[in-house]
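Read through the structure below, which is laid out as structure tokens, and then see the notes.
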Amino acid sequence: MNDAPMIEMRGVSKSFGTLRVLDGIDLTVDRSEVVCLIGPSGSGKSTLLRCINFLESYDTGEVRVEGRLVGYVEGNGRRRMPDRALREIRRGIGMVFQHFNLWPHMTALGNVAEPLIRVRGLAAAEAGLRARAMLGRVGLADKEGEYPARLSGGQQQRVAIARSLAMEPRLMLFDEPTSALDPELVGEVLQVMRDLATEGMTMMVVTHEMGFAANVADRIAFLDRGRIIAYGPPRHVLHESTEPRLRQFLQTYHERNNF
Amino acid sequence: MKLQVTLDAFPYLLEAAGTTLWISLLGIALGQVIGAAVCLCRVSPLRPLARFGAVYVSFFRGVPLLVQLLLVYYFLPYVGIDVPPLVAAIGSLGLASGAYVCEIFRGALTAVPKGQAEAAQSLGFPPAAIWRRILLPQMLRISLPALVNELILLLKASSLISVVGVTELTRSSHTFAASTYHPLEIYLTAAFIYLLMNLCLAAAGAMAERRLAAG
Amino acid sequence: MDFALYLRYGPALASGFAVTLLCWFGGAALGLALGFVVALLQRLSFAPLRWLTRTYIEVVRGTPFLVQLFVLYDGGPSFGLRLDATSSGILALGIYGSAYFAEIFRAGFNAVPPGQVEAAASLGMAPFTILRRIRLPVMLVAIVPALTNMLIILSKETVVLSIITVPELMYQMQTMAAETFAAFETILAMAILYWIMVELVARAGRVVERRVTAFMTGAA
């Protein structure tokens, strides 16, 4: 364990062609902190999140996880780090996707055990035990033999969370984990995430669930056009900030949810 | 490699390629007619007709073309019909492609939304007019890429009719290969001509597709 | 039709059928292996290699199988390839099939949802592990119908090998037809036999398809 912050982003920018999706992002996340990223669609939230485990490369600036530069060789400009080193970093970072991305040809148990066997090198029996425990933790002990196609969206997402947790990550990234779910299934997934936060997991969550952000996040970052234009505790960002674009975003959100 | 061999044979091979081309075109033309007829059978509400259509398609797609070709070739004299091999060959290509064309048409037919025919019916169109004015034009546009593809397949398959003695590109190159003792050069030239014809057909098909899409 | 004839020619027909199966399986195995390699090469970001594999596929798909067979069997000795008819036939079937199989594999790779690969990458899986454990199984399930179809096409192409005197079923049948002067009946028997065989393979393909896709579509 070192005492560097869990995530440290300095001047991170990225463009797709002429479109600047990230424009000088500075952000620090400490251990056990829960940070929610909110903002209109296309504001760069997901791209920011995906830069942290380098599923997306960034053009300028630095992303550090536990002090280690992600994706590039230290002090060597933009030279890509070797695949092996990148995999090493990714092992410590769990990621949960909007569309779950479970592997359709494996059971729930298989999905959780697979990375334990292939990445952690555990024996199949031990991986199975740990996978079973993880499924129990997200409340799906009875579904271990089911294939993803037979699970509801909420169950699939909980399997996906179990799959990440089994690897014992020190940081969890959530990319709109409830956006693809039917409204009645959102709660079960948020509950699992809330429990994780209580246990002290460091989490970064891209979300449209303002209630979750207000109650669980330690800090909220509001992104617009690739910049963080408001950052701080939920009370500050959701109620006190006078940033006009943030007010407008929250206004639209309230109108849509108070019928 | 001897270039001279290729150069000497080239004009003759080109001429034989012409035969290949027009046999294939006649074959696909016949295939269209047969395919349309079989397709009408397949979608017919009359059970025996529909059954016949299904069996026809299954047989001609299931049996290798070479076997079909010899079947037709031997069948005609068996029932006392005496026609030149060329006619038997074209007939055979037409019968085979008819099965594939039938399925192409059937696919195109299901791709035209049912509501359009119903709309025409509700406006009082007679059935023939519904086919001619509403269904067929759209089916043609939808099935064009598959038909061009079928023509290319048929052009390649037509090489098999060399077996019954029709002097098309493959047979002509076979003759030259034997007489010049340079089979590799001759066959590669033949392959090149086939490839060229297919690329041209594909390009023409793509152009026609763009025209139809724009119109 | 004289069934005693078939009895007399039974052994020849049986050996012909065995050669047909040998050519079919041999050609299919070779075609699948070659096609897979070609599909993998196409995925590399090395432009000349992509161009080369593309040309290979277009040339093989743009020329008749019979001509390819002649190039290998009759033309082979000109570039030092001396094979007997059956080996030439299997090799030709393999090359012919490889171009189509490569296209099927390519489509299959494209059918794997990128998210499933990203999920594996985000867990730290190595590229080869991702290929073997995620991409391949998902892709294989997607391409079962196309593979069955191509296997059937290959089985039908085996009769073309009779033209270069490979002693497969068609060749034996034609010998029998010539010797017995019952040409039409013999070829008809051949046609019906093939018809049944192809229908059986097609049905088996549909069963396999249902089996392997059942759990992925939730129908299990």
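Naming convention: chains lettered A, B, ... in sequence-line order (proteins, then strands); numbering from 1 in each chain. This structure is a prediction, so every number in the text was calculated from the model and none was measured.
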Nearest non-hydrogen partners of B:Gly62 and C:Val198, listed with the distance: O-CG2, 3.2 Å
Atom group of C:Thr158 that falls short of 4.5 Å from chain B, counting heavy atoms: neither
Note, B:Ser58 side chain near C:Glu199 side chain (heavy atom, < 4.5 Å): yes
Could you check whether the rings of B:Phe75 and C:Phe184 sit parallel, tilted or perpendicular, using 30° and 60° as the cut-offs? tilted
Inspect the surroundings of OH in C:Tyr171 and state if more than 12 heavy atoms from other residues, nucleotides or ligands are less than 6.0 Å away. no
Top residue by heavy-atom pair count (under 4.5 Å) with chain B, among C:Leu72, C:Val71, C:Val67? C:Val71
Are there over 12 heavy-atom neighbours, none belonging to C:Arg203, within less than 6.0 Å of that residue's CZ? no
Roughly how far, to the nearest 0.5 Å, is the CZ atom of B:Arg61 from the CG atom of C:Asn149? 8.0 Å
Out of curiosity, B:Leu69 CG to C:Ile187 CD1, how far, rounded to the nearest 0.5 Å? 10.0 Å
Okay, B:Ala177 and chain C: the region with an atom under 4.5 Å from a heavy atom over there is neither
Under 4.5 Å from any heavy atom of chain B - which part of C:Gln174: side chain
The single option from B:Leu160, B:Leu65, B:Leu66 passing side chain to side chain contact (heavy atoms under 4.5 Å, CB included) against C:Val159: B:Leu66
Under 4.5 Å from a heavy atom of chain C, the part of B:Tyr78 involved: side chain
Could you look at B:Val55 and say if it's the side chain, the backbone, both or neither that has a heavy atom under 4.5 Å from chain C? both
Select, from B:Tyr187, B:Tyr73, B:Tyr74, B:Tyr194, the one with the greatest count of heavy-atom pairs under 4.5 Å involving chain C. B:Tyr187
Report, as yes or no, whether the 6.0 Å neighbourhood of atom OH on B:Tyr181 holds more than 12 heavy atoms from other residues, nucleotides or ligands. no
Distance (rounded to the nearest 0.5 Å) between B:Ser173 OG and C:Asp74 CG: 10.0 Å
Per the side chain to side chain contact (heavy atoms under 4.5 Å, CB included) rule, which among B:Leu70, B:Leu71, B:Val67 passes with C:Leu188? B:Leu71
Pull out the residues in residues 103-112 of chain C that come under 4.5 Å of chain B, heavy atom to heavy atom, sorted by number. none
Of all the heavy-atom pairs spanning C:Arg61 and B:Lys156, show the shortest one and how long it is. O-NZ, 2.6 Å
Looking at every heavy atom in both B:Asn198 and C:Gly62, which two are closest together, and how far apart are they? ND2-O, 2.6 Å
To the nearest 0.5 Å, tell me how far C:Leu66 CG sits from B:Ile161 CD1. 11.5 Å
Quick check: are there more than 12 heavy atoms from other residues, nucleotides or ligands sitting under 6.0 Å from CZ of B:Arg51? no
Can you confirm whether more than 12 heavy atoms, excluding those of C:Tyr56, are under 6.0 Å from its OH atom? yes
Counting only non-hydrogen atoms closer than 4.5 Å, does B:Ser162 touch chain C with its backbone (N, CA, C, O), its side chain (CB onward), both, or neither? side chain
